[in-house]
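Heavy atoms only: backbone and side chains are in, while hydrogens, waters and symmetry mates are out. Numbers here are sequence positions counted from 1. Computed from a predicted structure; not experimentally measured.
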Amino acid sequence: MTQYAVLIYSPAPADPMEITPDYLALLDRYPAQVEELGGRIVTGFALQPSTTATAVRGDLVTDGPFIEAKEVVAGFFILEAPDLDVALKIAKLNPATIDGGVEVRPLFVPPAE
């Protein structure tokens with residue numbers, strides 16, 4: 001199966017310690033929904049709030065994210081799905097789409113030599 005990175009966007013600062021019980025219940029149901037559609041979550045990670053970011057641009061190192069934004073990357077997971085259509089159906093069910101969004105990208109596979 002093809003692997004996709006699913007990037008989770010949430011309102012800044014996207015603090016995982018501020019997840020509501022209702023949102024947590026939606027997250028708990030999500031893996032079963034993924035499997036029902038024929039996908040599999042390989043691994044996933046939540047990120048610390050965007051306020052903990054350190055930006056590096058060339059020699060410049062600054063506290064905080066590189067840009068001010070209403071939404072920030074809050075986490076990501078690797079999804080295996082039969083094709084992009086299934087991956088998008090799975091992405092649409094992600095609870096982050098309620099007040100943020102998700103981005104789906106195929107993982108890069110170098111061409112065979």
Side-chain angles (χ1 to χ4, degrees):
M1 276 198 283
T2 305
Q3 290 190 331
Y4 300 89
V6 180
L7 306 172
I8 308 297
Y9 291 88
S10 294
D15 187 342
M17 296 303 295
E18 294 181 1
I19 292 176
T20 66
D22 290 341
Y23 192 85
L24 188 56
L26 293 172
L27 286 175
D28 287 343
R29 284 199 327 236
Y30 189 60
Q33 294 173 309
V34 169
E35 288 186 22
E36 286 174 15
L37 289 172
R40 182 175 79 87
I41 295 174
V42 176
T43 190
F45 300 92
L47 301 175
Q48 292 287 340
S50 61
T51 53
T52 66
T54 302
V56 179
R57 296 286 183 195
D59 290 332
L60 180 63
V61 178
T62 59
D63 290 339
F66 179 66
I67 59 171
E68 292 293 323
K70 286 175 47 176
E71 292 180 346
V72 295
V73 178
F76 65 94
F77 63 93
I78 304 301
L79 170 70
E80 286 186 340
D83 56 41
L84 181 60
D85 290 335
V86 172
L88 293 175
K89 286 178 186 174
I90 290 168
K92 287 179 184 179
L93 294 174
N94 191 286
T97 61
I98 295 169
D99 64 354
V102 300
E103 180 179 337
V104 178
R105 284 197 219 177
L107 295 185
F108 176 73
V109 177
E113 291 186 36

Partners of R40 by salt bridge (charged side-chain N to carboxylate O under 4.0 Å, His left out), sequence neighbours excluded?
E80
ring-ring contact (aromatic ring centres under 6.0 Å, His included) partners for F76, two or more places apart:
F45
Applying side chain to side chain contact (heavy atoms under 4.5 Å, CB included), name anything that partners T51, two or more places apart in sequence or on another chain.
P13, P49
Test question: given the 4.5 Å side-chain rule for I, L, V, M, F, W and Y, name all other residues clustered with L107, or answer none.
V42, I78
Can you name the side chain to side chain contact (heavy atoms under 4.5 Å, CB included) partners of P31, sequence neighbours left out?
none
Does the side chain of Y4 reach to within under 4.5 Å of the side chain of I90, using non-hydrogen atoms?
no
Name all pairs fulfilling the salt bridge (Lys or Arg N to Asp or Glu O under 4.0 Å) condition that reach into residues 16-39, sequence neighbours left out, sorted by first residue then second.
none
Those residues at least two apart in sequence (or on a different chain) that pass side chain to side chain contact (heavy atoms under 4.5 Å, CB included) with A96 are I8, Y23, N94, V102
Other hydrophobic cluster members with I98, side-chain heavy atoms of Ile/Leu/Val/Met/Phe/Trp/Tyr under 4.5 Å, chained?
L26
Grab the two heavy atoms, one from P82 and one from T2, that are nearest each other, plus how far apart they are.
O-OG1, 4.3 Å
To the nearest 0.5 Å, how far apart are OG1 in T62 and CG in L60?
5.5 Å
Hydrophobic cluster membership, with links at side-chain heavy-atom distances under 4.5 Å among I/L/V/M/F/W/Y: are I41 and L7 in one?
no
Indicate if V6 and L84 have the same hydrophobic cluster label, given that clusters are the connected sets of ILVMFWY residues with side-chain heavy-atom separations under 4.5 angstrom.
yes
Distance (rounded to the nearest 0.5 Å) between S10 OG and I19 CD1
8.0 Å
Show me the pairs that pass ring pair (Phe, Tyr, Trp, His ring centres under 6.0 Å) and involve residues 83-113, at least two apart or across chains.
none
Can you run down the salt bridge (Lys or Arg N to Asp or Glu O under 4.0 Å) pairs that involve residues 92-103, sequence neighbours left out, and say none if there aren't any?
E103-R105
Quick check on the hydrophobic clustering: are F77 and V72 connected, directly or via other members, by side-chain heavy-atom contacts under 4.5 Å?
no
To the closest 0.5 Å, what do you measure between CG (L79) and CG (L37)?
10.0 Å
List for me each residue that meets side chain to side chain contact (heavy atoms under 4.5 Å, CB included) alongside A25, sequence neighbours excluded, and say none if there are none.
none
